[in-house]
Amino acid sequence: MITTLKSELNPQQYEAVTTIDRPLLIIAGAGSGKTRVITQRIAYMLSRGVHQQHILALTFTNKAAREMQDRVKAITGKRLTQLTVSTFHAFGVQILRSYSQRLGYRDHFSIYDTVDQVSLLKETAREISFRLEEEDPKTILGLFSDLRTGRRVWDADTERYHHLFTDYRSHLKLYNSVDFDDLILLPIELFENHADILEAVRGRYRYILVDEFQDTSTKQYMFIKYIADGNRNICVVGDDDQSIYSWRGANFGNISQYEKDYPELLEVRLEQNYRSTTTILEAANGVIRNNTNRKDKHLWTGDDSGTAIEVYYPNDEREEAAFIAERIAETRLKDHLKYEDFGVLIRTNALSRAIEEAFLAANLPYRITGGTSFFDRKEIRDCISYMRLAANHDDDMSLLRILNTPRRGIGRKTLEGLTDVARSRNCSLFSAIHLVCRPEDSSMNDRVKRDLTGFTDLIERYRERFLKSKRDLAAALTELVAEVDYWAYIVSEHQTNEKIAKWKYRNIELFIESLRNWERDPDNLDPGLFQWLNRISLQGRDDNQNETDSGQINLMTIHAAKGLEHEMVFLAGVEDGIIPHRRAIEEDPANIEEERRLFYVALTRAKRKLMITSCRTRSVMREISTMEPSPFLQEIPAHLMTAHEPSAPIQTNEAVDYFSLVRARLNNR
DNA sequence: GTTCCGTTTTTTTTT
DNA sequence: AAAACGGAAC
């Protein structure tokens, strides 16, 4: 095995893979075989007798975690069920799940996403009469997050939120729920206050690998450092040029902190790019060179120069999308590529719409990752809320969602009454319902009591049903949906549009189907209500259709594309205001550097061929605006690009046919 | 007290 | 275009 390794890897890679007895810092430029090194390193450790359960590999996105897991399995040919490859947040959940009682949480907590957090914030504000008008709840939540993670301290400007903050936190606790920050902060708290837990965790995870280290936040680093300090065997891999999550607290200063914390470390630099042609690499270097705050690197490639980057200026986003679809169809046949060899990258999720429509019209199979996901649709959130409330009766945000959905005749006044009881008794709404429904309590009339009891009975019955079901949650959920007659509810909500009603119902069916696939999967060793809820709260992403090579075009945001590569990459919407994004610049002009890194990441996803499109006009919030090409385009050395001549404009009657075709397809989904 | 209907607002990136 | 909100109708 060692000889094979030596011939397959360059000297730096080899050193990184085979050094497994001390801290390691791998500075890995784009396309330098970073993922390969990590996966080979895990395989190497296994071959040297390290037990899989002692290895912990952390990544940033679920996509990256899945990819890494798959690749390690492919290299070793083993199932590796004890190996932990996970995102930071999922790993945090794993720790919390074992020890949450020590922090005063009851058996199974709910995980609140942004939507839940916003409604909780609004609810809290209402209770303490904090005037939320004119304020953006998300900004306030961002502030709370900054305060908790130490990125900001209480001062004169923020003091007025103090009460709101305290109440928000205590509500969350009362509801036996945690938010995303908690998934990192609470484990730290556990480690700080419970030596036995820290010891147990250190005993289990003795070899630690962290991918995309430049994107870790200060607290995430602290989290992992607690564990790593047990055995001082940690390997981090990062590239400051690819730090694109600072808006979420990523701190690439962690790299220098790491050097201080582990002075005995070995630093390995991977600077040979194996991914892209010289043209693409030169273009990327030309761009990133304009950033001031970076470690200088000497990325090089032995590859040939490849073909020029093509830049095309369509008139609007429809033309852009049609162009991309056409080029993919054409290139696939001409260059014998597969659909999955194409990546279409966009700055914002909103940009996907026109492109999706064009793919549907052209009958091209595609897969979209990220974005307002399936799991954010109202009907799906409702289903999830039923399940969450069954799992955790104290989850008030879920209860509020479904208490009167479908309509049960429980309205504002009843709810106000319940809220008052809950507040005065310091209990959840579910417990408040039990209190007011006692025969001796006369605060509610009998009809209301009957409706409320009907609701709690339903939830309690299905809790039993869900917990008892062995690999058949799907059937239980189907029953639940039927029992509450969600179908009738949808129909009555959409009396004017039967198609929408059908489509929503279909979504529920798809949701149940994905649940069934998940629990029937033989590789899934531990299916159950809580596991399912964990899973979907941490990755409201596309349901796991045959992951990597499913023969589909990959459409995604640049953020989601990090760590991936494609033979041919289309970069759409390369316009000023989109990349760099207007809001990012408005927020702080210094953000231009992060936007540039984002552009750099996008460029370096391409292996052989890169196409850039920049629309002349675009509909932005139902207005047509004139767009200018992104200033970043100027930073690519001109000799690497050729302008693509626009094809003949689409004839009017042709365009009409095209629209009706698209419409028909969308409706049939 | 609950439901319906018209008006307003929304779009940066992810766990 | 769709969801979220707030006021009027039932």
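Quick note on labels: first sequence line is chain A, next is B, and so on, each numbered from 1.
- Regarding contacts with the backbone of B/dC4, a side-chain N or O of A/Arg407 is found under 4.0 angstrom from either OP1 or OP2.
- The aromatic ring of A/Trp247 is stacked on the base of B/dT13, with the two ring centres less than 5.5 Å apart and the planes inclined by under 30°.
- The shortest distance between the side-chain N/O atoms of A/Asn349 and the OP1/OP2 oxygens of B/dT14 is below 4.0 Å.
- Of the two residues contacting DNA chain B, namely A/Asn404 and A/Ala584, the nearest-nucleotide position lying further toward the 5' end is that of A/Asn404.
- Residue A/Leu183 is out of contact with every strand shown, counting any heavy-atom pair closer than 4.0 Å.
- Rounding to whole angstrom units, CD of residue A/Glu212 and P of B/dT15 are separated by 12 Å.
- Counting non-hydrogen atoms under 4.0 angstrom, A/Tyr245 reaches the backbone sugars and phosphates but no base.
- Distance CZ (A/Arg377) to P (C/dA2): 11 Å, rounded to an integer number of Å.
- Here the straight-line distance linking atom CD1 of A/Ile579 with atom CD1 of A/Ile346 works out to 11.5 Å at 0.5 Å rounding.
- The CD1 atom of A/Ile368 sits 11 Å away from the P atom of B/dT13 (whole-angstrom rounding).
- Checked by distance alone, A/Arg347 brings a side-chain donor or acceptor within 3.5 Å of a matching partner on the base of B/dT13.
- Residues A/Asp181 and A/Lys138 each lie close to DNA chain B; by heavy-atom proximity, the contact nearer the 5' end of the strand is made by A/Lys138.
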Could you pull out all donor-acceptor pairs under 3.5 Å where a side-chain atom in residues 87-98 of chain A meets a protein atom, sequence neighbours excluded?
from, atom 1, to, atom 2, distance (Å)
A/Thr87, OG1, A/Ala90, N, 3.0
A/Gln94, NE2, A/Tyr205, OH, 3.2
A/Ser98, OG, A/Gln94, O, 3.1

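- The side chain of A/Thr114 lies closest to B/dT15, out of B/dT14, B/dT15, B/dG1.
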I'd like a table of atom pairs between the protein and nucleotides 8-10 of chain C - only N or O on both sides, under 3.5 Å - with the distance next to each one.
none

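- Taking the six-membered ring where tryptophan is involved, the planes of A/Phe144 and A/Phe165 are perpendicular, since the angle between them exceeds 60° and thus also 30°.
- For the residue pair A/Glu379 and A/Tyr505, no side-chain donor N or O sits within less than 3.5 Å of a side-chain acceptor on the partner.
- No hydrogens or angles considered: nothing links the side chains of A/Gln242 and A/Tyr600 as a donor-acceptor pair under 3.5 Å.
- As judged by a 4.0 angstrom heavy-atom cut-off over every strand, A/Glu587 is placed among the base-contacting residues.
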Distances under 3.5 Å between nitrogen or oxygen atoms of protein and nucleotides 3-7 of chain C:
from, atom 1, to, atom 2, distance (Å)
C/dC5, OP1, A/Lys122, NZ, 2.5

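- In this structure, CZ on A/Phe599 lies 7.5 Å from CZ on A/Phe632, to the nearest 0.5 angstrom.
- For the pair A/His581 NE2 and B/dT11 C1', the computed distance is 7 Å after rounding to whole Å.
- With sequence neighbours excluded, the residues that form a ring-ring contact (aromatic ring centres under 6.0 Å, His included) with A/His559 are A/Tyr245, A/Trp247.
- In terms of phosphate contacts, A/Thr557 brings a side-chain nitrogen or oxygen within less than 4.0 Å of OP1 or OP2 of B/dT14.
- The CG-P distance, from A/Leu418 to B/dT2, rounds to 10 Å in whole Å.
- Here the straight-line distance linking atom CG of A/Asp211 with atom OG1 of A/Thr35 works out to 6.0 Å at 0.5 Å rounding.
- Rounded to an integer number of Å, the gap from A/Arg408 CZ to B/dG1 C1' is 17 Å.
- Remark: P of C/dA1 and CD of A/Glu356 are 16 Å apart, rounded to the nearest angstrom.
- Note: A/Tyr221 and A/Phe213 have perpendicular aromatic rings, judged against thresholds of 30 and 60 degrees for the angle between ring planes.
- Between A/Asn62 atom CG and B/dT14 atom P there is a gap of 12 Å when expressed in whole angstrom units.
- Legend: residues meeting side chain to side chain donor-acceptor pair (under 3.5 Å) with A/Asp395, ordered by chain and number and at least two apart, are A/Ser110, A/Tyr112, A/Arg388, A/Ser398.
- The NE2 atom of A/His108 sits 8.5 Å away from atom CG of A/Leu529, with the distance rounded to the nearest 0.5 Å.
- A/Glu67 and A/Gln69 are not linked by any side-chain donor-acceptor pair at a separation below 3.5 angstrom, with hydrogens and angles left out of the test.
- To the nearest 0.5 Å, atoms OG1 (A/Thr419) and CG (A/Leu400) are separated by 7.0 Å.
- Counting only heavy atoms from C-beta on, A/Thr414 has its side chain closest to B/dG1 among B/dT15, B/dG1, B/dT14.
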Counting Watson-Crick and G-U wobble pairs with both distances under 3.5 Å, what is the dot-bracket string for DNA chain C, 5' to 3', using [ ] for crossing pairs and | for pairs to another strand? ||||||||||
